[in-house]
Structure formats: C-alpha cells, structure tokens
Amino acid sequence: MRKYIYPIIILACAATYYFYQDNGSDAYSEENIRLEEITNGKENNSDGSIPLTRKALLPSSENQIVHHHTYSLSYNEQHEQAEWTAHILRASDITSRDYKRPYFEIDDKVKTKTAHWRNYKKSGYDRGHLVPAGDRKATKAAYDETFLTSNISPQIHEFNAGIWNTLEQKTRYYAKRYDEVYVVTGSILKKNLKTIGTEKVSVPERFYKIIYRNDANGGKMLAFLMPHKETDASIYDFITSVDRIEELTGTDFFASLPDSIEDKLEASSSSKGW
DNA sequence: CTGTTGTGC
DNA sequence: GCACAACAG
C-alpha cells in the first residue's frame, strides 16, 4: 500500500496546481508579468516597432494615478470616479472562460477612497466598467481586478449594454486581429453634472475610448466620443480625433510618442487602416 | 457579452 | 453580507 502514497501525493499536488492555474488564482505570477509591463516593457517587437510600456501610454493628469496589476487609472475625487483608465489589451486576455462576478470593492490604492457601490444601487444606472471585465479574462485575478469602484461610471443600461458594449467588442476584435492594442477609456467630467448616491457620483454626459495600435511606421490611432444615451446608430458615427478629446478633457494622450507621429495620429478622425 | 433584482441563510 | 438563481437587452 505504501508504494502508492507518494504517487498519490504528487498527483494531488499536480491537480491542485492545475486547478489554481485554471481558475487564474495565481495572482503572483500575473503581478510579476504585468507590473513589469509598466516599467520595462519588452526588448523589441517582432515587427521592428518600438515597444510601448503601459507607463508610456499614460495620459497626463493632475489627479491621482494608481497602478493595478493589469491597468492604471486616474481618480477624480470630486466626481468620485476615474477620469481615465489605461490598459494594454492582448489577444491572450480574451478567453471564453466563465468567471463568477464578484462584488465591487473600494479601491484601497486610491488614498482619498473611492465611492461605495451602494451609490449605484437602485439609482437606475449601471455600474459601467471602464476597463471591461471582458478584457480581463486571462485569469480570475485579472477579472476580479476590474471590479473596483475606481473602474466604474454610472451608465444608462441601454447605453452600456448597447453601443458601448458594441465598441468594447470591436476593441476586442482589434486586439485579436492585431495581437495587441493600447486602450484609454474615460468620460468628460465637468461641473454641474447630475449625481447619484450619498457620495454624489457624477453621471457623465459623454464617454470616450482611444485605441492605439503600434507598428514600425508609427502605428494607427482610433478615437470614439459618444453621448451617454441610447442609440441605434453605428459606432463609426462617433469617430473623432484625439485632439478633440484633448480639448474637452485638458488631457495630453500618448505624450511619449515622437511628436511628429503623435501630431499626425491625434489629428486624424478616420478609421482608415483599421 | 453588458448588467440588475429577488430569495434565503 | 454573501451565495445562488432568474431575468433582460
């Protein structure tokens, strides 16, 4: 009997290991990979383009920037939500795994403390992800990390499940097609917006998403600016230039790109090349 | 996929 | 407060 004990133990250990791998509970390895992404990036891209780190992708901001394992954000305390989030979306982030939705938690990395999810309860508004949960399905840990109240804005359900969802799916399509895209998502925060909850979470009137694809020729950029309302229109009716979003937000996007490339890409409001 | 609400312990 | 199931676009 004894000769079976060790094989059984080894099998049990292996099974446990694979179980946690599959569940994506191995946050430690993910942390190593993704935090490295912020500071070091890769040696070189296969197509000869200059590798961009997540840090290089970050917009300018006077608000509180925090780095999570798989995305970064800038929290606006007045409006009790992020003014923008930034993440690198890779084809490998997109899987068909079915994770159980966790509860939204306060983001402890934001010093001023983020809003509580109760502000949204019975408000009539969705807890709309900025970094979509669907963009972070490589592991359970990555998925759960999107369920922080620093990563949501109040959204009308018909908008969130409608054209905004369509835009998120299109972004995932680009990530699969080009293997890797850089994504900045946010809203136009201004004074006198409607608020919800006891903490007065602002309800933005417009949301935007900027997608950048890198290549040896400077890459391509695509920006969408959408009114926060239900619509049957196409997402392509809401293409704008990054320059326009910079005007509205006062934020400088992709400042780390060489100026000649940045100026050209950010002036464009065309989906040509995508 | 994007979400909320109701029930029960 | 949390788990589970049902429901909606």
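Just so it is clear: chains get the letters A, B, ... in the order the sequence lines come, proteins before strands, and each one is counted from 1. Just so you know, these numbers come straight off a predicted model, no measurement behind them.
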- [ ] Grab the OH-P distance between Tyr143(A) and dC1(B) for me, whole Å please.
- [x] 6 Å
Task: Value in whole Å for how far the P atom of dC2(C) lies from NZ of Lys121(A) - done: 12 Å
Open item on the list: How many whole angstroms separate atom CH2 of Trp117(A) from atom P of dT4(B)?
Closed with: 10 Å
Task: Residues Asp179(A) and Arg90(A) bridged, charged N to O under 4.0 Å - done: no
TODO: Kindly say whether Leu265(A) contributes a backbone atom to a donor-acceptor pair with the side chain of Ser268(A) at under 3.5 angstrom?
DONE: no
Open item on the list: Whether Arg101(A) contacts dC2(C) is assessed here as follows: a side-chain N or O lying under 4.0 Å from the phosphate OP1 or OP2. Is that the case?
Closed with: no
TODO: State which of dG3(B), dA3(C), dG1(C) makes the closest approach to the side chain of His129(A).
DONE: dG3(B)
Open item on the list: Under 4.0 Å, counting only non-hydrogen atoms across every strand here, what does Gly162(A) touch: a base, just sugar-phosphate, or nothing?
Closed with: nothing
Task: Pair Glu205(A) + Lys190(A), salt bridge at N-O below 4.0 Å - done: yes
Task: Atom pair distance, as rounded to whole Å: CD1 in Ile152(A) and C1' in dG3(B) - done: 12 Å
Task: Presence of salt bridge, Asp107(A) and Lys113(A), under 4.0 angstrom - done: no
Open item on the list: I need the CZ-P distance between Arg172(A) and dC1(B), as an integer number of Å.
Closed with: 8 Å
Task: First of Ser96(A) and Tyr103(A) reached from the 5' end of DNA chain B, by closest nucleotide - done: Ser96(A)
Task: Side-chain N,O (Lys122(A)) to OP1/OP2 (dG6(B)) below 4.0 Å - done: yes
Open item on the list: Looking only at the side chain of Pro132(A) (C-beta and beyond, no hydrogens), which of the listed nucleotides dA3(C), dT2(B), dC1(B) gets closest?
Closed with: dT2(B)
Open item on the list: Heavy atoms from C-beta onward define the side chain here; which of dT4(B), dC1(B), dT2(B) lies closest to that of Ala133(A)?
Closed with: dT2(B)
- [ ] Take atom NE2 of His157(A) and atom C1' of dC7(C), then tell me their distance rounded to the nearest Å.
- [x] 10 Å
Task: Pair Asp215(A) + Lys220(A), salt bridge at N-O below 4.0 Å - done: no
- [ ] Grab the CG-C1' distance between Asp126(A) and dA8(C) for me, whole Å please.
- [x] 11 Å
Open item on the list: Is the phosphate of dT4(B) approached by Arg127(A) (side-chain N or O, under 4.0 Å from OP1 or OP2)?
Closed with: yes
Open item on the list: Distance check needed: dT2(B) P versus Lys209(A) NZ, whole Å only.
Closed with: 11 Å
- [ ] Have a look at Glu168(A) and say if it touches a base, only the backbone sugar-phosphate, or nothing, with a 4.0 Å heavy-atom cut-off.
- [x] sugar-phosphate
TODO: Ignoring backbone atoms, establish whether Asn165(A) has a side-chain N or O less than 4.0 Å from OP1 or OP2 of dC1(B).
DONE: no
